[in-house]
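To start, the structure itself, in structure tokens.
The analysis underlying the following values was restricted to heavy atoms, covering all of them including side chains, and did not include hydrogens, waters or symmetry mates.
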Amino acid sequence: MSAGGFCKLPNGSVVVALTLPSPTPGGGTVRMIVHALNRARALTRLRNLGLRAVYLRGNAEPPTPDEVTAVLHHPDGLIWRTAPDDAAELWHPIRALRRQTRCAPRPSGSGIPF
């Protein structure tokens with residue numbers, strides 16, 4: 001289950017923050033921050049990326065002011081970094097996470113040459 005929360009901005013849009021299991025083979029967790037018109041659209045954006053079992057139950061871990069600023073200044077409005085937060089790690093666009101999952105090594109004996 002994911003932990004997360006949201007905050008409503010003065011213009012009516014929302015920023016949703018979720019801590020999810022990492023889709024990369026290394027495991028761990030990632031903190032996803034999404035900017036959208038409403039909570040349903042924010043979750044739909046994540047589901048469209050392949051994160052099907054994403055739900056927001058409650059507001060236990062709302063986005064911090066730094067997370068809100070980071071996502072508002074990103075052109076895609078969807079960023080992530082590993083959790084727990086490391087101050088030295090920068091926010092990454094969603095393309096970087098999707099690239100890591102595609103470049104995962106195949107298990108041996110899969111029958112696929114290369």
Side-chain angles (χ1 to χ4, degrees):
M1 180 181 276
S2 62
F6 69 96
C7 70
K8 193 163 188 163
L9 301 176
N11 66 358
S13 63
V14 297
V15 174
V16 174
L18 292 168
T19 303
L20 304 168
S22 177
T24 60
T29 58
V30 294
R31 179 87 166 164
M32 300 274 204
I33 311 295
V34 184
H35 178 240
L37 292 176
N38 55 42
R39 285 180 287 175
R41 287 189 182 197
L43 296 175
T44 299
R45 288 187 71 189
L46 290 172
R47 290 181 186 130
N48 288 342
L49 293 170
L51 301 169
R52 299 288 180 206
V54 175
Y55 297 98
L56 182 60
R57 301 186 195 278
N59 200 13
E61 293 181 19
T64 64
D66 291 337
E67 292 172 338
V68 172
T69 301
V71 77
L72 290 177
H73 285 90
H74 196 274
D76 292 341
L78 180 57
I79 55 177
W80 68 277
R81 74 174 168 191
T82 57
D85 293 334
D86 181 11
E89 183 181 8
L90 299 176
W91 289 98
H92 308 282
I94 195 64
R95 291 181 299 264
L97 185 63
R98 292 175 62 199
R99 190 176 316 125
Q100 286 180 3
T101 58
R102 272 190 256 139
C103 295
R106 292 190 180 110
S108 61
S110 64
I112 300 172
F114 304 111

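Going from atom CZ of Arg45 over to atom CG of Leu37 covers 9.5 Å, rounded to the nearest 0.5 Å. Put simply, CD on Glu67 and CE on Met32 are 13.0 Å apart, with the number rounded to the nearest 0.5 Å.
Between Val30 and Pro21, the shortest heavy-atom distance links the atoms CG2-O, 4.5 Å. Across all non-hydrogen atoms, the minimal contact from Cys7 to Val68 is SG-CG2, 3.7 Å. Taking each heavy atom of Pro62 and Arg31 in turn, the nearest pair found is O-NH2, 3.4 Å. Here the closest non-hydrogen pair linking Val71 and Leu78 is CG2-N, 4.0 Å. Between Thr19 and Glu61, the shortest heavy-atom distance links the atoms OG1-OE1, 3.4 Å.
Residues forming a side chain to side chain contact (heavy atoms under 4.5 Å, CB included) with Ala42 (at least two apart in sequence, or on another chain): Val16, Val34, Ala36. With sequence neighbours excluded, the residues forming a side chain to side chain contact (heavy atoms under 4.5 Å, CB included) with Thr69 are His73, listed by chain and number. Take Ser13 and apply the side-chain hydrogen bond (donor to acceptor under 3.5 Å, both in side chains) test, not counting sequence neighbours, and it matches Asn11, His35. Contacts of Arg47 classified as side chain to side chain contact (heavy atoms under 4.5 Å, CB included), with partners at least two apart in sequence or in another chain: Leu43, Arg52, Tyr55. Residues satisfying the side chain to side chain contact (heavy atoms under 4.5 Å, CB included) test with Asn38, not counting sequence neighbours, are Ala40, Arg41. For the side-chain hydrogen bond (donor to acceptor under 3.5 Å, both in side chains) test, residues two or more places apart in sequence or in another chain that qualify with Asp76 are Arg95.
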### Message
For a side-chain contact (heavy atoms from CB on, under 4.5 Å) check, start with the C-alpha distance between Leu9 and Val15, then their side-chain angles and the critical distance, and finish with the verdict.
### Response
CA-CA 8 Å; Leu9 301 176; Val15 174; 3.9 Å; yes
### Message
Is there a side-chain contact (heavy atoms from CB on, under 4.5 Å) between Glu89 and Thr82? Walk through the geometry before answering.
### Response
CA-CA 8 Å; Glu89 183 181 8; Thr82 57; 2.5 Å; yes
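Contact of the Arg39 side chain with the Leu56 side chain is registered, since non-hydrogen atoms from C-beta on lie closer than 4.5 Å. Using a 4.5 Å heavy-atom cutoff, the side chains of Leu20 and Leu51 are in contact. Annotation: side chain of Ile33 is not in contact with side chain of Trp80 (no heavy-atom distance under 4.5 Å).
Cluster membership check: Leu72 shares its hydrophobic cluster with Trp91, using side-chain heavy-atom separations under 4.5 Å among Ile, Leu, Val, Met, Phe, Trp and Tyr.
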